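Convention: sequence-line order gives letters A, B, ...; per-chain numbering from 1. All values derive from a computational prediction rather than experimental measurement.
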Amino acid sequence: MSLPGPDHGNPDHAHMLANKWMNATKLAEMVKTQGLVYKKGKFSAIEEQQLRTAIEAFKAGRGLTNDQLQDIIFQKNEKGKDNAFWSEITSALALRPIIAVYHHVRRAFHPKKQQGKWMPEEDAVLKQAVADLGQQWEKVSEIVGRMSSDCRDRYRNHIANREVRVTGVWTKEEEEELTAIVTEMTIQQGKDFDNDVFWGKVSDRMGNRRGRQQCRIKWTDSLSKTVKNEGQKPRWSAQDAYILVHKVDSMNVRDDTEIDWKTLPDSDWNLWSAHSLQRRWLTMKRGIKGYEDMTHQEIMDILRVKKAHLPPASAARKRKVTSVANIDEPADPEPGDAGPSGTQEGASDGQDRDADGSTDDSDA
DNA sequence: ACCACCATCTGGCTCGGTCG
DNA sequence: CGACCGAGCCAGATGGTGGT
């Protein structure tokens, strides 16, 4: 079709993804038996754009009003009428199963999709509604006037266990307790403590004094690194920045929302979790003046020079960097200055930047 | 029994704010 | 700055229901 996608593999598969409502089991089976490939996880900015375009095209093609479109998405009209809709917009995406697009679009177009803070009155209404109805979030949603998932989140994260919940700095004892629980649930069972933790369970075992994401963030951002580094807390260095830029560069994506951060950590450089690397990336990006209005390519061009000491156009670098071993590390691991003087090409205008770009074009 | 379609429940992630 | 936390946002899995 219109997409010149790099490889949308088997056309049968594309058709299947756009037309068959497969559940997780079936999907997994297809992956196994037929080599089906599909995409999971957050929709990238590019996918969002493709979806918007496809929806607009559908709407224009049938001369629909916004209300009619809304009706199709939420199916307030009579059943089974015009349900080419989901298949049609899904096929604009090539690698997404129809069920994923369905959920995504329904969330995105939801009339109660309002953002914003919860007022104390809303909390009270929510609490009462749950007391009356139990955790029937669709019914609760009617009463509270927010999306059911938002009601659930609010309840789960802020109403439930409010009496025992602790916030603020973690004590030494809490940290040790969390470390013990996580290592017991993962390492001692041969699982991976970066990926295989059920945080709800962990929170339970902490007596709910800390919530799911409190535990998770504490672990992934802080404690896990200490565990990996034999009790020492590692510091982010210029070399780390250098490696990160190289890795992102080698992914050749059009936009950083297309990056699957899970693939970035590797065994030679495993102090940093996917999450912390993503945060680092954001921080670096924001260090660039005017980054909001720049494309991914432009941002990469700047970072390549500033952090990775590569020529800006990337033309030379096509090699795939899959592990740290493939990266020419900055020559001297001296703290304070990690400038890899060796990698510098004889770039014509080659202005020599210092290693951590402390004084250059970052904004005021 | 099967299929298209849908609601709801479970689990994970992003990102801005704040503080030292 | 970077470390850390809070609050909200998002996707996946599960388990229907009504029509054939």
Side-chain angles (χ1 to χ4, degrees), chain A residues 19-28 38-44 47-48 72-76 78-87 96-108 110 113-118 123 134-141 146-159 165-170 175 194-203 210-223 225-226 233-237 240-241 256-257 260-262 273-276 278-287 356-358 362:
Chain A
N19 290 280
K20 281 268 190 189
W21 293 69
M22 293 184 281
N23 61 24
T25 319
K26 231 170 191 163
L27 233 26
Y38 73 100
K39 188 157 183 275
K40 298 175 81 158
K42 197 167 164 53
F43 282 56
S44 73
E47 287 178 308
E48 299 264 22
I72 288 174
I73 294 173
F74 292 97
Q75 206 62 34
K76 286 201 240 346
E78 68 267 40
K79 295 198 57 138
K81 219 30 202 142
D82 202 1
N83 288 320
F85 179 67
W86 297 111
S87 293
R96 293 280 183 178
I98 192 168
I99 188 77
V101 172
Y102 170 82
H103 284 310
H104 180 89
V105 170
R106 281 200 143 202
R107 278 186 281 253
H110 197 108
K113 182 190 165 64
Q114 62 182 87
Q115 5 207 65
K117 297 250 179 243
W118 284 72
D123 276 347
Q135 307 203 3
Q136 303 183 64
W137 299 115
E138 210 52 37
K139 295 211 177 97
V140 169
S141 161
R146 296 236 190 188
M147 267 171 77
S148 57
S149 56
D150 291 340
C151 293
R152 177 188 53 87
D153 289 339
R154 183 67 187 176
Y155 187 82
R156 170 175 69 172
N157 294 329
H158 304 284
I159 309 281
R165 186 57 45 85
V166 178
T167 60
V169 180
W170 288 59
E175 292 189 348
D194 282 332
N195 299 306
D196 296 338
V197 184
F198 285 159
W199 294 106
K201 287 260 189 323
V202 174
S203 174
R210 297 287 183 171
R212 298 176 320 137
Q213 47 268 78
Q214 280 178 298
C215 292
R216 175 175 164 272
I217 296 299
K218 186 67 192 174
W219 174 257
T220 57
D221 280 5
S222 172
L223 263 27
K225 284 180 291 200
T226 311
K233 203 167 260 195
R235 284 194 70 80
W236 183 255
S237 69
D240 290 322
D256 60 8
T257 57
D260 180 3
W261 294 95
K262 276 206 186 63
S273 65
H275 181 241
S276 51
Q278 186 173 5
R279 288 311 296 258
R280 293 291 173 185
W281 172 256
L282 239 195
T283 304
M284 272 198 244
K285 189 168 136 181
R286 291 199 178 134
D356 48 329
S358 43
S362 21

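In terms of position on DNA chain C, the residue among A:T283 and A:R210 whose nearest nucleotide sits closer to the 5' end is A:T283.
When rounded to the nearest whole Å, the span between CZ of A:F85 and C1' of B:dC6 equals 15 Å. One can place CE of A:M147 at 10 Å from P of C:dA11, the figure rounded to the nearest angstrom. Between the P atom of B:dC6 and the CD1 atom of A:I99 lies a distance of 9 Å, rounded to the nearest Å. Atom P of nucleotide C:dC10 and atom CD of A:E47 are separated by 15 Å, given to the nearest angstrom. Nucleotide C:dT14 holds its C1' atom 17 Å from the CE atom of A:M22, rounded to whole Å. One can place CG of A:D150 at 11 Å from C1' of C:dA7, the figure rounded to the nearest angstrom. If you take NE2 of A:H103 and P of C:dA13, they are 10 Å apart, rounded to a whole angstrom. One can place NZ of A:K40 at 12 Å from C1' of B:dG11, the figure rounded to the nearest angstrom.
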Exercise for the section: Let me have a per-nucleotide readout for nucleotides 13-20 of chain B, 5' to 3', with B, S or -, counting only protein heavy atoms under 4.0 Å. Expected result: BBBB----

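Considering only side-chain atoms of A:W21, the nucleotide from C:dG2, B:dC5, B:dT8 that sits closest is B:dC5. Side chain of A:R280, nearest nucleotide from C:dA3, B:dC6, C:dG12: C:dA3. Comparing B:dC6, C:dC10, C:dA7 by their nearest atom to the side chain of A:Y102 picks out B:dC6.
Scored by the side chain to side chain donor-acceptor pair (under 3.5 Å) test, A:S203 finds A:N208 as partners (sequence neighbours excluded). For the side chain to side chain donor-acceptor pair (under 3.5 Å) test, no residue two or more places apart in sequence or in another chain qualifies with A:Q278. Contacts of A:K20 classified as salt bridge (charged side-chain N to carboxylate O under 4.0 Å, His left out), with partners at least two apart in sequence or in another chain: none. By the ring pair (Phe, Tyr, Trp, His ring centres under 6.0 Å) test, A:Y102 pairs with A:W21, A:W86, sequence neighbours left out. For A:T283, the side chain to side chain donor-acceptor pair (under 3.5 Å) test picks out no residue, with sequence neighbours left out.
Close to C:dA11, at under 4.0 Å from its OP1 or OP2, lies a side-chain N or O of A:R107. When the side-chain nitrogen and oxygen atoms of A:W86 are compared with OP1 and OP2 of B:dC6, one or more of them lie within a distance under 4.0 Å. The side chain of A:K26 contributes no N or O atom lying less than 4.0 Å from OP1 or OP2 of B:dA4.
Judged by distance alone, with hydrogens and angles left aside, the side-chain atoms of A:S141 form a donor-acceptor pair with the main-chain N or O of A:R146 at under 3.5 Å.
Counting atom types as modelled, A:R154 pairs no side-chain N or O with a base atom of C:dA7 as donor and acceptor under 3.5 Å.
Using modelled atom types and a 3.5 Å distance limit, the side chains of A:E48 and A:H104 yield a donor-acceptor pair.
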